[in-house]
Q: 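For reference, the structure I am asking about is given below.
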Amino acid sequence: MAQYTRVSGSVGLITLQSPRVNALSAAVRQGIVDMMQRALSEPEVKSVVICGQNGIFCGGADIKEFGKNMSGPPLIPMIHAIEAASKPVVAAIEGIALGGGLELALGCHYRIAHAKARVGLPEVTLGLLPAAGGSQRLPRLIGVPAALDLITTGRHVTAAEALKLGIVDQVTDHNTVNVAVKFAKRVAGQSLDPRRISTYPCPCPSDADALFEKAMQKVRRAARGAIAPVACVQAVRAAATLPYNQGMEREKELMATLFTSGQARALQYFFFAQRAVGKWSMPSGARWETSKPRPVHKAAVIGLGTMGRGITVALAQAGLSVVAVETQEKQLMEAKQAISGMLERGAKRSGVAPALDKVSYSHNIQPVADVDLVIEAVFEDMALKKKVFQQLSAVCKPGTFLCSNTSGLDIDHLACQTRNPELVVGMHFFAPAHVMKLLEVVYGPKSSPHAVATAMQLGKKIGKVSVAVGNCRGFVGNRMLKPYLEQALFLLEEGATPEFVDQVLEEFGFAMGVFRVSDLSGLDVGWRVRMADGLAQPDPTTGQPVRVRQGRRYSPLGDLLCEQGRFGQKTGRGWYQYDKPGSQVAKPDPWLHSFLDEYRTRHGLVARRIDHQEVLERCLYSLINEGFRILEDGIAAGPEDIDVIYVFGYSWPRHRGGPMFYAATVGLNKVLERLEHYHQAHPDVPSLQPCRLLRKLVAGGSPPIHKWREVIKKVHSQL
Ligand SMILES: CCC[C@H](O)CC(=O)SCCNC(=O)CCNC(=O)[C@H](O)C(C)(C)COP(=O)([O-])OP(=O)([O-])OC[C@H]1O[C@@H](n2cnc3c(N)ncnc32)[C@H](O)[C@@H]1OP(=O)([O-])[O-]
């Protein structure tokens, strides 16, 4: 809807009204069309201001309407009519002008923004392009290079940057609508010809071909296989090379292809999935609306290794006071230097003062006595963590939340060490913790809803996407990773090479294949865990068959590499070879190929030809099957939680929506059928055995993903 009022005698004020972000729904578009007609027909009205209610200009097209039958007036003619109006139209931008919202503003003759407003064309993040003239007007207004940057990344820019780029005409600290009304009065009667952006020539640099070629390479590298960024470059190219009307035709054609693509569906699903994870629930029935977070002003981090340092930086950058504790004096000094450096570099990037004074350092635990929340980030060792939790429980003031950054250990065991187990939750960060967006908030059977709400709220405050998950080995992300890694190793045993497996996964859209990632994160990490679990047996004379553990197929390949000191990039050798330790350029390693040949011969394995399909299906479907088990076990509340974890924490290609969405796209019956096929061929691999929930969903006719929660509820109620 849109409301019309006459203000200051001669200004028609049109206010968009559609909670929460004044998206351009059919009703809002109809309102704008009607109110513009009214403003233009009233002789007393000399100029028009468009604004949005509740301090938000407009969040763009209404994404909830996508895929439904189109109703109401279309956006493009509506914006053209505004641009062609005989009276000046001023956009008063408060809060945000995004996507269609900015396109609407670009159709206006003037734009006034509040200093705290942000503008942008984020359509690419939804698998689309700015198709209400944004791809044609923005390059005409700010030039090709800047428009390419904004349109292909979808990044939001501040009002200050928007002013510098020329997107807005004025920035104000005062009431934006009042300023816009005054401005509108002042420009009433002036010629509008120089203000119609569609009539501008597109300023294009002389080396346009090279510029577009470079932009194309950049977007292809940044999001492998994603089609929207490519279409965005093509649309801007049309702006630079074609007259406006033809450019608009090209924009329309490109949009038509994107709009019906699976990628746009996946990205729009993912947009709502990110919002859905904030509305968390626990099996106890506790929910986000009814569980109040407690304020956290002061926090502590225990253990200043890589993770502890990143967490300290993330907290301090969000304005919290942090007590950073490391018991080894030398490590403490090194950590202090590293944290200060990270804070300084971060501050330089964002043009603010570094939050150095937010962090105080200590080599003992006493100063944490008065903090509101502690995040333990010591070495991944249960005995050590238990000791830390006992100490924290004794030292901290009553009510302090005690959190562990464990990546998979049992939260309940830690809670049992404390006087108040209800205050204990997991906060599983991903490395580097000040950069990676994901946070798994892990609740144990005793964790209180307040503790979960507080950790979720803190996650939001420090800029993370937080997902509440139940307590089990590896939680959601690492638990699902296990069968994926396992399949990759089995494929090597059966004849594949690391290069081939990685190539298939990278073609699917992962930035790096499984073996390149292992080399990057260090093979020794998993090796130590397997040793602690009694899985990696360096001595094969223990009587246990080398390729069997606990009655299941096991591949010792990773352990054998570690025994040779091949820990990945840091040692210059792993699944690949590197020029020197620390180098990042992975090269195929002839040593590894002959090692694999010898290994197969030793174990009577005959290498066979493995194709793309098998690599993808075995790696991905075993991971997806574990995802269904996680849903069945109630560890994740819905498929959205898993998908958000995988996209933000494990670089699952976003344009494929996440593993559970991908399964729905492929077809659950196909996933089930292929898992059955592979399980028949490998009966000693339990992770290939299709789980109950998957069978149930297929038996129920493979309902769409938004209906899975109903089936999950039924499965739980039958247990
Ligand atoms: C021809 C067409 C061409 C055109 O170029 C295409 C487009 O414009 S494509 C569009 C280009 N625009 C974009 O890509 C902008 C997408 N939006 C955003 O990036 C953020 O929502 C925003 C920054 C605006 C606010 O962040 P925040 O303050 O953290 O708040 P929040 O995120 O929690 O959202 C609050 C509620 O609003 C909902 N909702 C939001 N936007 C839309 C929408 N467009 N539609 C419908 N609903 C929308 C959201 O789901 C949530 O609902 P609920 O039921 O309460 O969960």
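Atoms within a ligand are numbered from 1 in the order they appear, just like the ligands themselves. We use all heavy atoms of the structure for the numbers below, so side chains are in, but hydrogens, waters and symmetry mates are not.
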Q: What residue and atom, counting heavy atoms only, is the protein's closest point to atom 7 (C) of ligand 1, and at what distance?
A: A61 CB, 3.4 Å

Q: Any protein heavy atom under 4.0 Å from atom 29 (O) of ligand 1?
A: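 It does not; no protein heavy atom is within 4.0 Å.
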
Q: If you take all heavy atoms of F57 and A92, which pair is closest and at what distance?
A: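 Nearest pair, atom of F57 first, then A92: CD1-O, 3.3 Å.
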
Q: Among all protein heavy atoms, pick out the one at the shortest distance from atom 27 (P) of ligand 1; state its residue, atom name and that distance to 0.1 Å.
A: R20 NH2, 4.2 Å

Q: Quick check for you: to the nearest 0.5 Å, what is the distance between I32 atom CD1 and M1 atom CE?
A: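 These two atoms lie 12.5 Å from each other.
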
Q: Out of the candidates Q234, E103, E251, only one should pair with S135 under the side chain to side chain donor-acceptor pair (under 3.5 Å) rule; please name it.
A: E251

Q: Tell me which one of F270, F430, F429 satisfies ring pair (Phe, Tyr, Trp, His ring centres under 6.0 Å) with F648.
A: F270

Q: Give me the nearest non-hydrogen protein atom to atom 54 (O) of ligand 1 as residue plus atom name, then the distance to 0.1 Å.
A: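 That would be K279 NZ, 3.7 Å.
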
Q: Specify side chain, backbone, both or neither for T125, according to which of its non-hydrogen atoms lie closer than 4.0 Å to ligand 1.
A: neither

Q: May I ask you to check whether Y646 and Y662 place their ring centers less than 6.0 Å from one another?
A: no

Q: F272 heavy atoms, cut-off 4.0 Å: which ligand 1 atoms fall inside?
A: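 Checking each atom against F272, I get 50 (O).
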
Q: If hydrogens are left out, which of G99, G59, S25 has an atom nearest to atom 12 (N) of ligand 1, that is, the closest non-hydrogen atom?
A: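 Nearest option to atom 12 (N) of ligand 1, by heavy atoms: G59.
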
Q: So between L128, D62, V124, I56, whose heavy atom ends up nearest atom 46 (C) of ligand 1?
A: D62

Q: Is it the case that the ring center of Y650 lies less than 6.0 angstrom away from the ring center of F510?
A: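 Ring centroids of F510 and Y650 are no less than 6.0 Å from each other.
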
Q: Do any nitrogen or oxygen atoms of E103 lie less than 3.5 angstrom from nitrogen or oxygen atoms of ligand 1?
A: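 Yes: some nitrogen or oxygen of E103 is under 3.5 Å from one in ligand 1.
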
Q: Can you confirm whether K460 is buried at NZ, in the sense that more than 12 heavy atoms of other residues, nucleotides or ligands lie under 6.0 Å from that atom?
A: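 Open.
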
Q: Check whether any side-chain heavy atom of D641 sits under 4.5 Å from a side-chain heavy atom of V476, and report yes or no.
A: no

Q: Checking a contact table here: which protein heavy atom is nearest atom 5 (O) of ligand 1, and how many Å away?
A: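 The answer is E123 OE2, 2.5 Å.
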
Q: Tell me: protein heavy atom nearest atom 38 (C) of ligand 1, and distance?
A: K64 NZ, 4.3 Å

Q: Of the choices K252, Q268, R275, which has the non-hydrogen atom that lies closest to atom 33 (O) of ligand 1?
A: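 The option holding the nearest heavy atom is R275.
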
Q: Looking at every non-hydrogen atom in both residues, tell me the closest pair between D643 and G658 and how far apart they are.
A: OD1-C, 3.0 Å

Q: Measure the distance from atom 2 (C) of ligand 1 to every protein heavy atom, then report the residue, atom name and distance (to 0.1 Å) of the closest one.
A: L75 CD2, 4.0 Å

Q: Is it true that the NZ or CZ of R265 lies under 6.0 Å from the centre of Y269's six-membered ring and within 45 degrees of the ring axis?
A: no

Q: Where on A23 is there a heavy atom closer than 4.0 Å to ligand 1, on the side chain, on the backbone, on both, or on neither?
A: side chain

Q: Between I96 and ligand 1, find which residue part has any heavy-atom pair under 4.0 Å and reply side chain, backbone, both or neither.
A: side chain

Q: Does the separation of the ring centres of H80 and Y244 fall below 6.0 angstrom?
A: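 Aromatic pair counts; centres sit under 6.0 Å.
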
Q: Return the option from L126, L98, I63 holding the heavy atom at the smallest distance from atom 43 (C) of ligand 1.
A: I63

Q: Could you identify the single nearest non-hydrogen protein atom to atom 16 (C) of ligand 1 and state the distance to 0.1 Å?
A: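 Atom 16 (C) of ligand 1 sits closest to the protein heavy atom F271 CE1, 3.5 Å.
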
Q: Suppose I only count heavy atoms of G60 and a 4.0 Å limit; which atoms of ligand 1 are within that range?
A: 8 (O)

Q: Any nitrogen or oxygen of V21 lying under 3.5 Å from a nitrogen or oxygen in ligand 1? Just yes or no.
A: no

Q: Testing R196, H109, R137 for side chain to side chain donor-acceptor pair (under 3.5 Å) with E83, which one passes?
A: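 Among R196, H109, R137, the one meeting side chain to side chain donor-acceptor pair (under 3.5 Å) with E83 is R137.
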
Q: I'd like to check which ligand 1 atoms, numbered from 1 as shown, lie under 4.0 Å from a non-hydrogen atom of A131.
A: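 Numbered from 1, ligand 1 contributes 3 (C), 5 (O).
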
